[in-house]
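Everything below concerns the one structure shown next.
The first residue of the sequence shown is numbered 1, and numbering continues consecutively from there. Counting convention: from 1, in listed order, for ligands and their atoms alike.
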Amino acid sequence: MPTKPVTELDRPRLIQLNTRDNVAIVANDFGLPGGTVIDGGLTLRTFVPQGHKVALVDIAAGAPITRYGETIGTAKIDIIGGTWVEEALVVMPDAPAMGNLPMPAATLARIEPLTGWTFEGYRNVDGSVGTKNILAISTSVQCVAGTLDYAIERIRRELMPHYPNVDGVLGITHSYGCGVAIDAPGAAVPIRTLQNLARNPNFGGQVMVVGLGCEKLAPERLVPERADGHSGKPAVRDILRLQDEAFSGFGPMVDGIIEMARDRLEILNRRRRETCPASDLVVGTQCGGSDAFSGVTANPALGFASDLLVRAGATVMFSEVTEVRDAIHLLTRRAVDADVAKALIREMAWYDAYLDRGGADRSANTTPGNKKGGLSNIVEKALGSIVKSGSSPIAGVLSPGERANQKGLIFAATPASDFICGTLQLASGMTLQVFTTGRGTPYGLAAAPVIKVATRTALAERWHDLIDFDAGRIATGHASIEEAGWDLFRLILDVASGRKKTWADHWGLHNAMTLFNPGPVT
Ligand code: CA
């Protein structure tokens with residue numbers, strides 16, 4: 001034990017989230033040693049690491065272990081009060097059965113409107129609003145990726161200095177398009193993802209597609225009907241095929257891509273930010289590298305901010321099926337109507353079947369890092385994860401890669417994989433993402449700003465030039481959930497307006513877009 005004087009921050013602190021809980025988590029950095037006496041009289045019998053659970057009372061073998069007011073498992077053996085409740089002591093319960101889930105209440109809580117909040121965005125002809133001004137170049141097949149990368153390098157060097165109002169150029173490259181069962185039922189997911197990615201509001205409607213010429217995914221399928229005043233313009237003007245006989249060698253192909261990009265940069269460079277109501281925002285939420293503080297600090301702060309955004313009329317998405325599956329009984333009752341509740345169940349059932357086909361189940365979700373951070377199993381992780389959806393009614397459900405066309409809180413079904421979730425939310429029209437992390441990840445997206453929120457102050461301090469927001473202040477008592485939630489809401493508006501830059505954008509840390517392909521590869 002250190003011999004330095006005991007300060008307020010050294011005082012042993014447990015966080016109990018619900019009065020029904022029979023476990024609490026240790027808030028102190030580096031954990032607490034056996035023999036520590038907690039305010040209220042509990043004495044720790046063993047060392048308990050930070051973020052890990054301690055039994056507040058004796059828990060008999062087979063009795064429920066309760067956190068968030070919900071059962072996260074049962075005790076494998078008798079657990080004496082004051083003992084570290086390690087993962088091995090927790091028996092995971094079955095996932096809630098789909099058959100008899102609670103349906104929405106007859107009258108849902110009314111949403112109290114929040115007016116007067118604005119941001120500076122790029123309004124598009126179709127009414128959507130971007131937070132960035134990016135030229136995105138779509139591709140219909142992986143074969144063209146190397147050539148496109150080469151062309152983009154030249155675009156960055158030769159063209160971009162002439163178009164100072166354009167934030168960047170981005171190739172939407174991927175492993176799909178050929179060598180796949182293009183008509184299999186699962187193919188609908190990657191195809192609509194690519195179609196809708198091209199329409200993301202941050203790309204200003206300036207679509208162009210680079211294809212090869214012999215691939216299964218015809219480039220025409222990726223060109224949406226234009227809503228930018230160019231209606232009726234033949235799609236062929238938006239497509240370049242490397243096998244086109246007009247190209248004699250590599251140089252002219254690259255020149256062709258560059259000329260096509262120049263036309264679009266001319267248009268994008270004329271875009272200007274204008275004041276838009278907060279209701280024009282489409283904010284995605286997700287978590288990655290979660291720990292036991294995720295559900296205590298970062299996710300509740302994000303949930304509070306989500307509620308503010310919904311009250312302001314914005315669209316807010318939460319996702320990650322395997323991280324909400326075990327809390328589905330808490331979500332169906334929050335749906336605006338029975339149809340939305342059934343759509344939630346449909347997406348869960350689809351994913352259950354998908355995992356089953358692969359010989360896996362939901363327990364495959366938790367990582368070694370999650371467990372080291374104090375999360376015993378997927379039930380505990382899910383309860384902490386859904387907190388970031390706040391308390392608003394769930395207004396709609398999207399299948400993977402579908403585009404959102406409504407306001408309010410939406411469940412956008414995606415895998416929990418950070419990159420696939422980010423890509424699918426972009427396809428759904430997300431223009432800014434908030435990402436909570438306990439273990440830490442330098443995750444970022446080129447297509448939309450990502451605000452990274454740390455669950456613990458120690459992480460926010462150690463990663464001072466990667467983390468944008470410290471929600472750990474909630475655990476140390478320096479901020480309430482409400483205060484942190486309001487701060488995060490204001491940060492979202494600042495970042496959406498280009499007034500503040502995220503650290504990921506500052507350093508240019510941008511992960512690959514990654515398609516979700518549940519269909520067979522040939
Ligand atoms: Ca994730």
Side-chain angles (χ1 to χ4, degrees), residues 189 193 283-303 305-306 316-328 331 347-348 351 354-355 360 362-375 377-390 398 400-401 410-428 430 432-456 459 463 466-469 471 502 504 509-518:
V189 175
T193 301
V283 175
T285 67
Q286 78 151 319
C287 42
S290 299
D291 68 1
F293 282 92
S294 299
V296 179
T297 59
N299 289 349
L302 177 51
S306 297
V316 178
M317 296 175 207
F318 71 113
S319 295
E320 302 175 290
V321 172
T322 50
E323 289 174 14
V324 307
R325 171 69 181 86
D326 282 84
I328 185 64
L331 296 177
E347 292 303 328
M348 299 296 123
Y351 217 91
Y354 165 74
L355 289 174
R362 72 215 213 278
S363 67
N365 174 294
T366 37
T367 65
N370 291 153
K371 292 179 176 183
K372 202 170 167 218
L375 291 173
N377 59 38
I378 186 60
V379 183
E380 185 176 16
K381 189 172 171 181
L383 291 167
S385 173
I386 65 162
V387 177
K388 63 184 181 295
S389 70
L398 299 174
I410 290 176
F411 180 70
T414 75
S417 155
D418 296 348
F419 326 101
I420 298 180
C421 171
T423 303
L424 288 170
Q425 287 190 350
L426 285 170
S428 297
M430 176 264 282
L432 181 149
Q433 196 178 49
V434 184
F435 186 101
T436 65
T437 182
R439 307 288 297 167
T441 161
Y443 169 86
L445 296 168
V450 177
I451 296 173
K452 287 206 292 297
V453 179
T455 67
R456 289 170 299 119
L459 174 66
W463 282 24
L466 286 168
I467 296 292
D468 301 291
F469 189 90
T502 63
L509 307 180
H510 297 144
N511 287 102
M513 288 206 239
T514 312
L515 291 182
F516 179 36
N517 176 23

Inset, instruction - Answer with yes or no whether the side chains of Q286 and Q425 bring together a donor and an acceptor at under 3.5 Å. - result: no

Legend entry - Criterion salt bridge (charged side-chain N to carboxylate O under 4.0 Å, His left out) against D291, the qualifying member of K372, K371, R439, R456: R456

Inset, instruction - Please round to the nearest 0.5 Å and tell me the distance separating atom CH2 of W463 and atom OG1 of T441. - result: 6.0 Å

Legend entry - Test item: side-chain donor near acceptor, T436 and N299, under 3.5 Å: yes

Inset, instruction - Have a look around the Ca ion (ligand 1) and list protein N/O/S atoms under 3.0 Å, or say none. - result: Q286 OE1, C287 O, E320 OE2, A416 O, D418 OD1

Inset, instruction - Using side chain to side chain contact (heavy atoms under 4.5 Å, CB included) as the criterion, list what pairs up with P400, not counting sequence neighbours. - result: V189, R192, E347, A413, L424, F516

Legend entry - Residue among N370, T366, T367 satisfying side-chain hydrogen bond (donor to acceptor under 3.5 Å, both in side chains) with K381: N370

